[in-house]
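The block underneath contains the structure these notes are about, expressed in structure tokens.
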Amino acid sequence: MTKKPVIAIDGFSSTGKSSISKIIAKNLGLIHMDTGALYRGITYFALQNSINDDKSINIEKLLTDLPKINLEFQNVDGELQLFLNGKNINKEIRFPQVSDNVSQVAKEADVRNFLLKTQRDIAEKGGVIMDGRDIGTVVLPDADYKFFMTASQDERAKRRFLELELAGEKTDIETVKQNLITRDKIDSEREVSPLRQADDAILIDNTNINKEETIALILSYIKKF
Ligand code: DC
């Protein structure tokens, strides 16, 4: 049997990267790693341990605190869930306070370097689909397949709003859209590993296609292994 592939899926937030990657992983028998969860894990730690009096994140303190952080994915009912220093934080990393601060944390070079090894170690044996912002460009430049996902801001805001509503969060679509725009801007304009399409990545725009169609489109590019 040929080696299982390494697949990189990057793109804007709320394009369905993670949920789509999860299904593709199941379909192809690969491990799925949501790298955004790692940045969220660091942000969650910072909100607990490294904050200023005004409750904003003290980046300097966070950077000196990095060695105190141990992030690990563990298999819980067939799904990789994130543990911070032994505690399952899978739910907490989706809290709005984490979403509002994560781009700020993710633009720090020290944070990105800190997480690089964790990500590369997982991909080493192959058989993995990793989603994020810089997987095809920086983390796994030699990935067998690279995809870059996008969709219009209005469509993404609508999806995210429905997701939050379903989770019982009280918000409105305009706030959600503004949060997306701010995150897109910080992610794309940061100096270290900005969000951008790798030259050899396949562009997937799913503004007008649903989840199943997006999955079928991506699968159509992947050769049998
Ligand atoms: O995919 P997500 O929304 O869970 O990602 C959270 C944040 O983490 C996002 O604002 C950008 C950052 N991120 C990153 O910089 N690099 C990655 N590989 C994954 C996420």
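Values reported hereafter were calculated over all heavy atoms of this structure, with side chains retained and with hydrogens, waters and symmetry mates removed. Bear in mind the structure is a predicted one, so any value in this text is a computation, not a measurement. Counting starts at 1 for both ligands and their atoms, in listed order.
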Worksheet item: Regarding Asn206 and Arg156, is there a side-chain donor-to-acceptor distance under 3.5 Å anywhere?
Response: no
Discussion item. Going by the rule salt bridge (Lys or Arg N to Asp or Glu O under 4.0 Å), which residues pair with Glu189 if we only count those two or more places apart in sequence or in a different chain?
Written reply: Lys185
For a quick test of your reading: what N or O donor-acceptor pairs under 3.5 Å do the side chains of residues 55-63 make, sequence neighbours left out?
| unit_1 | atom_1 | unit_2 | atom_2 | d |
| --- | --- | --- | --- | --- |
| Ser56 | OG | Asn52 | ND2 | 3.0 |
| Ser56 | OG | Asp54 | OD1 | 2.6 |
| Asn58 | OD1 | Glu60 | N | 3.3 |
| Asn58 | OD1 | Lys61 | N | 3.0 |
| Asn58 | ND2 | Asn52 | OD1 | 3.3 |
| Lys61 | NZ | Asn49 | O | 3.1 |
| Lys61 | NZ | Asp65 | OD2 | 2.8 |

Discussion item. Between Tyr39 and Arg133, is there a side-chain donor-acceptor contact under 3.5 Å, judged purely by atom types and distance?
Written reply: no
Worksheet item: How would you list, by chain and number, the residues with a heavy atom under 4.0 angstrom from ligand 1?
Response: Thr35, Gly36, Tyr39, Arg40, Arg94, Val102, Ser103, Ala106, Arg112, Gly132, Arg133, Asp134, Ile135, Arg183, Asp187, Arg190
Worksheet item: Without hydrogens or angle criteria, can the side chains of Asp172 and Thr175 be said to hold a donor-acceptor pair below 3.5 Å?
Response: yes
Discussion item. Using the side chain to side chain donor-acceptor pair (under 3.5 Å) criterion, which residues pair with Thr137? Sequence neighbours excluded.
Written reply: none
